[in-house]
Amino acid sequence: MKEFKIQIIEKVTGAYPSIKEVLGVETFENPKNSDFGDIALPCFKFAGILKMPPVKIAENFSLLFTGDKNFEKIVNINGYLNFKFNREEYIRLLCGEFRDGNIFNKLKTIGNNKTIVIDYSHPNIAKNMGIHNLRSTIIGQSIYNIHKFLGYNSIGVNHLGDWGTQFGKLMWALEEWSSFEEVEEKGILFLNDIYVRFHSEAEKDPCLEESARIWFKKLENNDHTAIKWWKLFIKVSMDAYDKIYERLNVKFDYITGESFYIRYLDETIKKLEEKNLTEISEGALVVKFDENENMPPCLLRKSDGATLYATRDISAAMYRLTKFKPYKVIYVTDIAQELHFNQVFKVIEMYDPCSKGKFKHVKFGRLSFSDMQMSTRKGNIVPLNEVLDKARDKAIEIIKERNAVISDKAETADKIGIGAVIFNDLSVSRIKNIEFDWDKTLSFEGETGPHIQYSFVRILNILEKIEHFETNIDYSLITDEYSYDLLRTIEQFENKIIQSCEENEPSVIANYLLDLSKTFNRFYQNNRVVGVENDLQNSRAFLIKILQSVYAKCMDLLGIPIIDKM
RNA sequence: GCACCAUUAGCUCAGUUGGAUAGAGCAACGGAUUUCUAAUCCGUAGGUCAGAGGUUCGAGUCCCCUAUGGUGUACCA
């Protein structure tokens, strides 16, 4: 509670001005043991300045607060000065911050409408969306939501993998084995199969690779048939992706794939050449880096003249700088691409030093599979809609077992499944490698999405039963242990949101939701709201209403669907 | 070879940016439902924070080395 901290700081620095520099609101900690008090001031770092042992300092400080009505008790233990709040006063102040959306309005001003471009999801056209596409998609969407909530101008970009020799492979294969109509009818799974078949045939006959290159060359040269195929691939793929995006509530402001930047490639290379950043090395056009950068050269053109992934990303980065004038550009991808982005960002920085620090690679760990090797070339991926379907089916089973009264069971089950899948992914730090595990993904108890949703159903059910909300609240009635713990957890909302934004780390919010859920369930077990004495019901309902707004916002930021019955 | 990332309870993970006795969930065992939904709650058990050294009042957290695992390392994306 900031007010109390400021009061303490003013009092202490009033008596000991020499420690003004090192004493701020961030100096305070939460006591390890709540018996000690509500906040603690560690006095170790004042020892050098005041030339006293910490225990003595804490003792001297404590004398300053004799008779202060805001603190019930002040004790010094091992150099920590522990303050116990006057709970009623604390709760009154805290509730003031949270009522009428005050805290939300405050958070909304942080971003100051600065533009953040977020590049996420970026699936590869003609490939079925698999569980391996999930991380970038939902981490990116969550980072988008968080920035937007904090008042940034979030711009979501889906940088589709819609260019490259793999389309030559498909074109050759389809001309040989299929037809335009068949692709249109059978959709993305068919394209996926064709791609797999191409690779198994190409193992026997290496000439196929050359045929594919010829077809890709046709595409680059605007050949009518090639373009017709390519547009079909995109249409068929987007039809499939859009269904999944809709299910996961994922949205983009721009869908501009790699192909969009092809028109700028020559210009990009020319710009870099004009700044003398390029050179020919082993027949290729490259940008070399300082030795202390410890990076291999960035290739712009292969020795055969073709451009590369990096060239397209540099083009895209330059385009984004001029088009959006961003405060920051965030790329959400696998950690395996770290070197690639370091190279791209460095090239941009060498071209335009003002861009330094604007570009950020938000990387996440690798997804692995225990019992199979994942490879789109061999076709053994785990399709994302299959994961969501299995999660939904399991939820349907549980709903049936429980005989719950739910109006639309199929829709609710789908939302539970989605909640499970999303939370499973967002609840661990981005950087951790994840081994895909059906049992864990489909687990609905403990620290899971359905648990989060279930607790929220309890919250909603309480509020549903309250007929009338008083605005005049008796704060002395919610000073008990369970209400107080809940309020202390709610209080962390502001810091948690800011932290997750600064670190681009949705898991901070996911773990916070678990804290909220845990403290609420404890409250629920011990404190009845509906039907208790009138003033008590009012006070508790008020507390639950504050909880509801904070809890719902956290779920919204992560993209976990809200359900009112389950 | 070089570089980056990870390593905390049997398993999966937190750990407020250097503070007090390292916390959850799962799995195991024991308990709670005439109650606002038991997808819940309470309790028991489980630890050489990978290992060694350093920095200081104080290290899971910062620095150095080592080990293990993952990833990348010039014409794939």
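Within every chain, numbering begins at 1; the chains are lettered A, B, ... in the order of the sequence lines, protein sequences first and strands thereafter.
Within 4.0 Å of A:L339, counting heavy atoms only, lie sugar-phosphate atoms of the nucleic acid but no base atom. Within the nucleic acid shown, A:K518 comes within 4.0 Å of sugar-phosphate atoms alone, with no base atom in reach, counting heavy atoms only. Using a 4.0 Å heavy-atom criterion, one finds that A:L514 contacts no nucleic acid atom at all. As judged by a 4.0 angstrom heavy-atom cut-off over every strand, A:E464 is placed among residues making no nucleic acid contact. A:E445 comes within 4.0 angstrom of sugar-phosphate atoms only, judged by non-hydrogen atoms across all strands, and of no base. Residue contacts for A:K432: at a heavy-atom cut-off of 4.0 Å it reaches the sugar-phosphate backbone alone, with no base atom in range. Residue contacts shown for A:N527 include a base, since a base heavy atom lies under 4.0 Å away. Base engagement by A:I399 is indicated by at least one non-hydrogen atom pair under 4.0 Å involving a base atom. Using a 4.0 Å heavy-atom distance criterion, A:M295 is classed as making no nucleic acid contact. Within 4.0 Å (heavy atoms only), A:P450 reaches at least one base atom of the nucleic acid. Residue-level contact check: A:V428 touches the backbone only, with heavy atoms under 4.0 Å from sugar-phosphate atoms and none from bases. In this structure, A:N294 reaches the sugar-phosphate backbone alone: every heavy-atom distance under 4.0 Å involves primed, P, OP1 or OP2 atoms, never a base. Heavy atoms of A:V405 sit nowhere under 4.0 angstrom from any nucleic acid atom. At the heavy-atom level, A:P31 lies under 4.0 Å from base atoms of the strands shown.
Looking at A:F233 and A:D162, their side chains never come closer than 4.5 Å, going by heavy atoms from C-beta outward. Counting heavy atoms from C-beta on, the side chains of A:I462 and A:Y524 come closer than 4.5 Å.
Comparing A:A336 and A:V530 by the nucleotide of RNA chain B whose heavy atom lies nearest to each, the residue mapping closer to the 5' end is A:V530. Of the two residues near RNA chain B, A:F28 and A:L299, the one whose nearest nucleotide lies more 5' is A:F28.
Nucleotide B:U48 forms no Watson-Crick or G-U wobble pair with any nucleotide shown, as no partner meets the under 3.5 Å limit on both distances. In a base pair of the Watson-Crick type (N1 to N3 plus N6-O4 or O6-N4) or a G-U wobble (N1-O2 and O6-N3), with each distance short of 3.5 Å, B:C57 is matched with B:G19. The pairing partner recorded for B:A3 is B:U71, the criterion being a Watson-Crick or G-U wobble arrangement whose two distances lie under 3.5 angstrom. The base-pairing partner of B:C11, taking Watson-Crick or G-U wobble contacts with both distances under 3.5 Å, is B:G25.
A close approach under 4.0 Å does not occur between any side-chain nitrogen or oxygen of A:H340 and OP1 or OP2 of B:G72. Checking the phosphate oxygens (OP1, OP2) of B:A74, no side-chain nitrogen or oxygen of A:R301 falls inside 4.0 Å. Here A:N78 does not reach the OP1 or OP2 of B:A20: none of its side-chain N or O atoms lies under 4.0 Å away. Within the 4.0 Å cut-off from OP1 or OP2 of B:U37, at least one side-chain nitrogen or oxygen of A:K465 is found. In this structure, A:R312 reaches the B:A77 phosphate: one of its side-chain N or O atoms is under 4.0 Å from OP1 or OP2.
Annotation: cation-pi pair A:K394/A:F444 present, NZ/CZ under 6.0 Å from the ring centroid and within 45° of its normal.
The aromatic rings of A:Y309 and A:F341 sit perpendicular to each other, their planes meeting at more than 60°, with 30° as the lower class boundary. The aromatic rings of A:Y264 and A:Y261 are tilted relative to each other, their planes meeting at an angle between 30° and 60°.
Nucleotides B:A50 and B:G70, compared at atom C1', are 16 Å apart to the nearest Å. The separation of B:G30 from B:A67, taken at their C1' atoms, amounts to 41 Å, rounded to a whole angstrom. On the C1' atoms, B:C5 is 24 Å away from B:A22, given to the nearest whole Å. Comparing the same atom, C1', in B:U61 and in B:U55 gives a spacing of 14 Å after rounding to whole Å.
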Inset, instruction - Under the ring-ring contact (aromatic ring centres under 6.0 Å, His included) rule, what do A:F4 and A:F83 come out as? Steps first, then yes or no, please. - result: CA-CA 10 Å; A:F4 286 166; A:F83 295 84; 9.5 Å; no
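For a distance-only test at 3.5 Å, the side chain of A:S281 qualifies as a donor-acceptor partner of the base of B:A74. Contact of A:N82 with B:A20 (side chain to base): a donor-acceptor pair of N or O atoms is detected under 3.5 Å.
Looking at A:W230, its side chain never comes within 3.5 Å of a backbone N or O of A:F216 through a donor-acceptor pair.
Which of B:A74, B:G25, B:U40 sits closest to the side chain of A:E447 comes down to B:G25.
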